[in-house]
Visitor: 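For reference, the structure I am asking about is given below.
All heavy atoms count here, side chains included; hydrogens, waters and symmetry mates do not. These numbers come from a predicted model, not from an experiment.
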Amino acid sequence: MQAWRVHTPGEPREAMRLEEVPEPVPGEGEVKLRVLAANVNFPDALLARGQYQIKPPLPFTPGVEVCGETEDGRRVIANPSLPHGGFAEYVTAPARALLPAPDTLDDAEAAALHIGYQTGWFGLHRRARLRAGETLLVHAAAGGVGSAAVQLGRAAGATVIGVVGGKDKARTAEELGCDLVIDRTAEEIAPRVKEFTGGRGVDVVYDPVGGDAYTASAKCVAFEGRIVVVGFASGTVPAPALNHALVKNYSVLGLHWGLYAAKDPAAVLACHTELTRLAAEGAVTPLVSERVPLAGAADAVQRLADGTTTGRLVVVPGLDGAAR
């Protein structure tokens, strides 16, 4: 089969090589899946660079979430077992963690429903306790992670402010239904938020960016507001001023979805059931901006790492007739 592999860490476009390799053999408690679609995530870039918290043995195949087909014909969503990641024709995955792919979504959409939407749901509902009528600010609102949070916020009855970088991304955020879109390249975030909220600020901030985005969030979070720290796509990990949190009476909440998968798998299944319901009702639909063939996986990961994409890029092996 064909699979992208990293032999030496580096930028995805240089580090990832498309190779002919043996099909993976399932270990105990694992199943083999034919990859129907593999969603591109920021952790894939970090894996290629050797910067992710999990460091699989070299060589390895990136790709942390897929929609695949089991050998008995079931269509499922899974997190592949590294080092045999999803940018390949076949993967292995833990049998106990397989989730049924929603019938209302195609393969690419189903592959993109999992990590980003699970992270959004746990971040907004379990950590921030978002309520109908509150105001939610989402950084990187036109990206894969941010667009999921925008949709989930709207489904929860919140007023949603989307922060983006550039006019094209602003149009995407508007199409997602944001009540206000702020282009951070053209205007400052905090004053615009204060103006929109009558000086009150936002109840919940969803931040997968870090760096300057977090700094702006602390300036415009409301009394008893909650800042949910999801990641650091900017490459800068902020150092919160806890005296500021004390004076303004807001909370800083961390969200690592993988811990739920490890410590409370029943909650992950319950979340998937809720996401499936929302997808069936049309309240959420993964924003798949591009479906790329297996041969384009390294370029797709690089473009995501460079911050030039909107929505989700999804690798579909069948597009180039590679699946065998």
Visitor: With side chains defined as the heavy atoms from C-beta onward, is the minimum distance between F122 and V230 less than 4.5 Å?
Guide: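 Not in contact.
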Visitor: Linking I/L/V/M/F/W/Y whenever their side-chain heavy atoms sit closer than 4.5 Å, directly or via other members, would L152 and L130 fall into one cluster?
Guide: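 Yes, L152 and L130 fall within the same hydrophobic cluster.
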Visitor: Under 4.0 Å between a Lys/Arg side-chain N and an Asp/Glu carboxylate O for R75 and D107?
Guide: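 Answer for the salt bridge query: yes.
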Visitor: Just by distance, do the side chain of S234 and the backbone of T236 share a donor-acceptor pair under 3.5 Å?
Guide: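 Indeed, once roles are kept as given, a pair shorter than 3.5 Å links the two residues.
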Visitor: With a 4.5 Å cut-off on side-chain heavy-atom distances among I, L, V, M, F, W and Y, is there a chain of contacts connecting L255 to V205?
Guide: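 They do not share one cluster, since no chain of ILVMFWY contacts under 4.5 Å joins L255 to V205.
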Visitor: Within a strict 4.5 Å, meaning less than it, do heavy atoms of the L33 and T70 side chains meet?
Guide: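 Yes, side chains in contact.
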Visitor: Determine whether E175 and R171 satisfy the following criterion, salt bridge (Lys or Arg N to Asp or Glu O under 4.0 Å), listing intermediate values before the conclusion.
Guide: CA-CA 6 Å; E175 292 167 359; R171 282 192 290 270; over 6 Å; no
Visitor: Would you check if D106 and V288 make a side-chain contact, meaning some heavy-atom pair closer than 4.5 Å?
Guide: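 Answer no - side chains too far apart.
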Visitor: Any donor-acceptor pair under 3.5 Å linking the side-chain atoms of E19 with those of H7?
Guide: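 There is such a pair (donor and acceptor under 3.5 Å, judged by atom type) between the side chains of H7 and E19.
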Visitor: Between H139 and Y214, does the ring centre distance come in under 6.0 Å?
Guide: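 No, they do not, as the ring centres are separated by 6.0 Å or more.
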Visitor: Looking only at the side chains, is there a donor atom on one of H244 and Y250 sitting less than 3.5 Å from an acceptor on the other?
Guide: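 Y250 and H244 do have a side-chain donor-acceptor pair below 3.5 Å.
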Visitor: Assess whether side-chain contact (heavy atoms from CB on, under 4.5 Å) is satisfied between F87 and V40, documenting all intermediate values.
Guide: CA-CA 9 Å; F87 300 140; V40 179; 4.1 Å; yes
Visitor: Looking at R303 and E290, does any basic side-chain N land under 4.0 Å from a carboxylate oxygen?
Guide: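 A salt bridge links R303 with E290.
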Visitor: Applying salt bridge (charged side-chain N to carboxylate O under 4.0 Å, His left out) between R34 and each of E69, E89, E23, E71, report the one that passes.
Guide: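 Exactly one candidate clears the test, E69.
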